[in-house]
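Chain letters run A, B, ... following the sequence lines, proteins first, then strands; residues in each count from 1.
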Amino acid sequence: MKKIINNPNDVVSEMLEGFARGNPKIIYFPEFAVISRKEKKRKVGLVSGGGSGHEPAHAGYVGKGMLDAAVAGNVFSSPGPDRIIKGIKEANNGEGVLLIIKNYAGDIMNFELAKELAEMEDVQIEYVIVKDDVAVPDSTYSTGRRGIAGTVFVHKIAGAKAEAGGTLEEVKKVAQQTIDNIRSMGMSMSPCILPNVGKPAFELAENIMEIGMGIHGEPGVEKTEIGNASKIAEVLTNRILEDMDFIGSEVALMVNGLGGTPLMELYILNNEVSKILDSKNIKIHRTFVGNYMTSLEMSGASVTLLKLNDELKELLDAPSDAPSFHV
Amino acid sequence: MKKIINNPNDVVSEMLEGFARGNPKIIYFPEFAVISRKEKKRKVGLVSGGGSGHEPAHAGYVGKGMLDAAVAGNVFSSPGPDRIIKGIKEANNGEGVLLIIKNYAGDIMNFELAKELAEMEDVQIEYVIVKDDVAVPDSTYSTGRRGIAGTVFVHKIAGAKAEAGGTLEEVKKVAQQTIDNIRSMGMSMSPCILPNVGKPAFELAENIMEIGMGIHGEPGVEKTEIGNASKIAEVLTNRILEDMDFIGSEVALMVNGLGGTPLMELYILNNEVSKILDSKNIKIHRTFVGNYMTSLEMSGASVTLLKLNDELKELLDAPSDAPSFHV
Amino acid sequence: MGFKMSSADYVDYINYAAKIIEKDGEYITALDAATGDGDHWINMDTGLKKLVSMEKELSQLSLQDMMKKIGMTMMSVIGGSAGVLYGGSYIAASKVCAGKDVIDCDLLGEILEAMRLDIMNRNKSEPGFKTMLDALYPAVEAFKSGKDAGLEEKELLALIKQAADEGSKSTAAMEAVRGRACYQADKGVGHIDPGSVTMAYLIGALCDWATKLSN
Amino acid sequence: MGFKMSSADYVDYINYAAKIIEKDGEYITALDAATGDGDHWINMDTGLKKLVSMEKELSQLSLQDMMKKIGMTMMSVIGGSAGVLYGGSYIAASKVCAGKDVIDCDLLGEILEAMRLDIMNRNKSEPGFKTMLDALYPAVEAFKSGKDAGLEEKELLALIKQAADEGSKSTAAMEAVRGRACYQADKGVGHIDPGSVTMAYLIGALCDWATKLSN
Ligand SMILES: Nc1ncnc2c1ncn2[C@@H]1O[C@H](COP(=O)(O)OP(=O)(O)O)[C@@H](O)[C@H]1O
Ligand SMILES: Nc1ncnc2c1ncn2[C@@H]1O[C@H](COP(=O)(O)OP(=O)(O)O)[C@@H](O)[C@H]1O
Ligand SMILES: [Mg+2]
Ligand SMILES: [Mg+2]
Ligand SMILES: [Mg+2]
Ligand SMILES: [Mg+2]
């Protein structure tokens, strides 16, 4: 394992400290692994979080126009309720707090428990659950779809609505509307290494890619021979388009890197995806290419489409000064 | 080789096309691999460029407050003079053009020739040469130090000066002053793969890192056992501080990832570097952590310090809307 | 003569269990990597080591407070699914320990039952969903049926341990409904659920420890 | 009877040289990877293949225009150090070809000399700096001394080829002053400079081709 770390047990705290050090606009609560906005304002508070290893998620999305607090768990593990409660308290400015949760059993159980406990202290709390990963069939029986890169759009749009003075109900509504209109699909070409484990969880043969791998390195739905960029774009985009009808609509497009894939390749993938969307009469309103929701050093990428209407467009285009999402 | 590409010969053109597709503020000239700003303004024009494979350099730095044009060469190869001339023409708004060149023989020869040829067409041209890599001893006999991540600060500061209406002479002067006050040092833990070659240029044993490796994957000055983050920070920072006295001054700090290293590790490294600087009474005015000057999928990082005075601080803090460098 | 487990004894059990988990890192990690995110062993190992480091403090608490403290600690230190599930179940268990000085065989049964209920309620899980519950659930059933059958204490403990172990192994054939394996196309069929393995280890270790105290 | 190389013949030579370079990818790439950035073979291979693809067009040009076109093409297609150095040297060579229909032995000497001068001027390089010049420089010297010694044409061509080859090999012992190897702590000592190897191949191939035309 080659990583720039000290003790594998300390990666999360040292990472957050390193994040906090270059960043005068945030406060870091080391005991709780919480990063929150310094500037307070009477508005709905937004809290997101989850396991670490997905940087810049979630701390990088704390800022004006996005999140008020980010709560970090251990690598790939949801934070416990005590941390989340701290995040809720820091985000609370008296107008209630919205939790943006990714659909993993661990996240949901911890955030729900935190919500219950924080409500006892008279904070008004609502939550939404992001489930954008079309690799997984949607299901009401099992946990259902995971939340992946599309979550960043939910942060952005709910954040803009809150910044604009929306009520908790309104912010929740637009967050849910965003979730209903997001679809993502990813692929991976190489594994990541948990600092504490020290070796890759799996190996992929030289010519194999894994479709639909989770952002925690959970195995994907299919291993196939690696195609060229055009083929990869086709597989990812078609899977999304099969799941939801985007034809004729305006979208926000995110081509997200998983951490180990260079920007050059993400741009090449963006080129192919954009060509497909053009050919299907899907208008790209805005494009985001970069590492937004990663899995440590995993190589690979995901594609996210968000169907826009006038309100979502306006909210997406509103300014944000979060360190890792400038608009 | 696992890369999201099509034909290895087309990576540069497809990457630039993919970059241009999500970016309404730029113009892309495919025949010349040039990306330039759409908005024109009577001001000094700034041109930078070099081999591809360093994304987001250089196209990601084209924008208001930074570059006017970026010229891309093949992977790790300087663009030829014809391309550079096109970049100069696009950047020229009648107030002259400054070329920001990294100190590699190939870059210098091509940019100098382009300058000569463009001058025949009555464009006023000056250039500066960035040489911030302290891994290499400075030398007037040989080519001397390489230009690496510090180049981004030169783009930023010269860009702000030009945006503020500085004359060619003034912009050149502040660019040179920036160069004189920048020092960088890098290390790498794994190789990159040229798309056209298809396999790594070298292997590093499991416990070995290479100090002072170039951003083109040129071998470093020393191979040593990989240390922890604290040790790595010490090696890189001390080498910089031995080269130039930063004690007591204010600096801009960049912790730059080489492409394959996750943000988590960059933040951990930033934490260690910042602690060292604190302990030496070096005040950090602004911190930049991310992938700014990469080497394809190489893993590793570099540290850059820029000594600031009031003018440089103001210029560094001035707004920039370049896609990969928001201030 | 039945076993009587004090807080101090329980802390000894935690020490013993921590060593068992620690030893089996490769296997448990591989199980979670096969269908999940590979962190389950790290999670459990970190949590148990944390508890071991608190042994002084824990062994001086009342049974109820110790159980609660264990729960809060696991929730906070481990995080993830395992943290909140174990954490919640220990907090639930602390309630049935109210006013008790030691865990005897009957209280052990109540504790396991309280844990089982809490885990089932936490995320609406049932046996057969391919989770840790598939070790805990049959263990509780074994306790009940063994009791009804009038088994001797040591036999009963052995039966519980065996039921947990068999329950865990039976997860291999199950389609996952909860946990990360449910994202798989094959729902993890063919793979044993890692959480059921650590649950079976912990139950087995507890039965061993109680058996030792039975002498 | 001396050789006479027309534009079409020169294009045939380029074809021949391109095949030689193409064959040796592993070796040349490894040389550039050892001290540089590993792209020298790709650069040369891409450039020569581009020229081969233009063979129709090139062979119809006058000697001067062909040389110039080759130079512009290499500069633009290859980029990097090799592109501008070869490109510039071909443009310099085009000047000495003005008004000539064929390259004969004397013109060959003038061409090599013009190239050498251009490369030396481009970035103030000298022989001994561990570059392509260390193949080209002795080749020009060999031409001169061989001429002076009144060697027969084929012998002269063989001597030039040999000088380029030996010059290239001699770079192994040199400390780099130009090129990427100069960033190394050991200045690349012990490694042959890749640019000198391709230069020696190209000169060698040119001598072979001229020898063939000599018959
Ligand atoms: N809803 C649930 N009910 C019961 N057990 C669950 C549930 N979700 C997950 N588990 C158990 O948790 C285990 C995984 O724990 P762990 O790897 O620590 O957490 P995570 O899945 O968050 O990475 C699974 O193997 C399963 O036994
Ligand atoms: N200033 C120079 N003068 C002469 N030859 C040079 C000079 N700089 C580099 N070279 C030659 O160029 C070769 C490298 O070419 P190439 O790998 O294509 O370019 P780059 O160094 O830009 O990657 C070196 O091996 C050396 O022979
Ligand atoms: Mg986990
Ligand atoms: Mg090169
Ligand atoms: Mg897990
Ligand atoms: Mg090279």
Side-chain angles (χ1 to χ4, degrees), chain A residues 1-7 11-12 14-19 21-23 52-53 55-56 60 75 189-190 192 204 206-207 209 226 228-230 232 253 255 259-272 274-275 284 286-291 294 296-297 299-301 321 324 326, chain B residues 1-7 11-12 14-19 21-23 52-53 55-56 60 75 189-190 192 204 206-207 209 226 228-230 232 253 255 259-272 274-275 284 286-291 294 296-297 299-301 321 324 326:
Chain A
M1 175 179 60
K2 289 189 171 185
K3 285 184 191 280
I4 306 178
I5 62 172
N6 295 307
N7 186 331
V11 291
V12 174
E14 295 187 355
M15 179 239 326
L16 293 174
E17 194 180 326
F19 175 83
R21 273 173 196 274
N23 198 325
S52 292
E55 293 67 35
V75 178
M189 300 180 293
S190 73
C192 56
L204 282 175
E206 179 51 34
N207 60 336
M209 65 178 184
I226 195 165
N228 61 14
S230 147
I232 293 170
L253 165 64
V255 174
T261 285
L263 202 45
M264 171 186 270
E265 295 174 35
L266 299 180
Y267 280 126
I268 292 174
L269 183 59
N270 181 51
N271 192 35
E272 297 297 338
S274 301
K275 283 196 280 186
I284 304 168
R286 237 177 210 276
T287 302
F288 299 85
V289 180
N291 292 338
T294 64
L296 297 169
E297 66 275 79
S299 76
D321 77 351
S324 301
H326 280 276
Chain B
M1 174 180 58
K2 287 187 172 186
K3 287 184 190 279
I4 306 176
I5 61 172
N6 295 308
N7 186 332
V11 290
V12 174
E14 294 187 356
M15 181 239 321
L16 292 174
E17 193 180 328
F19 174 84
R21 274 174 196 272
N23 198 327
S52 292
E55 294 65 35
V75 178
M189 300 180 293
S190 73
C192 57
L204 281 175
E206 178 51 33
N207 61 335
M209 65 178 184
I226 194 164
N228 61 15
S230 147
I232 293 170
L253 166 63
V255 174
T261 286
L263 202 44
M264 171 187 271
E265 296 174 34
L266 299 181
Y267 280 125
I268 292 174
L269 183 60
N270 180 51
N271 192 35
E272 298 297 336
S274 301
K275 283 196 281 187
I284 304 168
R286 238 177 210 275
T287 303
F288 299 85
V289 180
N291 293 338
T294 63
L296 298 170
E297 67 274 82
S299 76
D321 78 350
S324 300
H326 279 276

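- To the nearest 0.5 Å, the span separating CD1 on B/Ile226 from CE on A/Met1 amounts to 9.0 Å.
- Without hydrogens or angle criteria, B/Asn6 side chain to A/Ala229 main chain gives a donor-acceptor distance under 3.5 Å.
- Looking only at heavy-atom pairs under 4.5 Å with chain B, the residue among A/Ile284, A/Leu204, A/Val12, A/Leu16 that has the most is A/Leu204.
- With sequence neighbours excluded, the residues satisfying side chain to side chain donor-acceptor pair (under 3.5 Å) with B/Arg21 are A/Asn271, A/Asp278, B/Glu17.
- Aromatic ring orientation, A/Phe19 versus B/Tyr267: perpendicular (interplanar angle above 60°, classes split at 30° and 60°).
- For the pair B/Lys3 and A/Met264, the minimum side-chain heavy-atom distance is 4.5 Å or more.
- Looking only at distances, a side-chain donor or acceptor of A/Asn270 sits under 3.5 Å from a matching main-chain atom of B/Gly18.
- Per-residue counts of heavy-atom pairs under 4.5 Å with chain B were compared for A/Ser52, A/Ala301, A/Gly22; the largest is that of A/Gly22.
- Looking at B/Ile5, both its backbone and its side chain come within 4.5 Å of chain A, counting heavy atoms on both sides.
- Contact tally against chain A (heavy-atom pairs below 4.5 Å) for B/Gly60, B/Cys192, B/Ser274: the top residue is B/Ser274.
- By the 4.5 Å heavy-atom criterion applied to side chains, A/Val11 and B/Ile268 are counted as neighbours.
- Separating the OG atom in A/Ser190 from the CD atom in B/Glu297 is a distance of 10.0 Å, to the nearest 0.5 Å.
- Between B/Lys2 and A/Glu206 there is a side-chain heavy-atom pair separated by less than 4.5 Å.
- Across all non-hydrogen atoms, the minimal contact from A/Ile4 to B/Glu265 is N-OE1, 2.9 Å.
- Heavy atoms closer than 4.5 Å to chain A are found in the side chain of B/Val75, but not in its backbone.
- Partners of B/Thr294 according to the side-chain contact (heavy atoms from CB on, under 4.5 Å) rule, which considers only residues two or more places apart in sequence or in another chain, are B/Asn291.
- A distance of 10.0 Å separates CG of B/Asn23 from CZ of A/Arg286, quoted to the nearest 0.5 Å.
- Residue B/Val289: no heavy atom, backbone or side chain, is found under 4.5 Å from chain A.
- Distance check, rounded to the nearest 0.5 Å: NE2 of A/His326 to OG of B/Ser324 gives 11.0 Å.
- Between chain B and the residues A/Lys275, A/Glu272, A/Met15, the most heavy-atom pairs under 4.5 angstrom are made by A/Met15.
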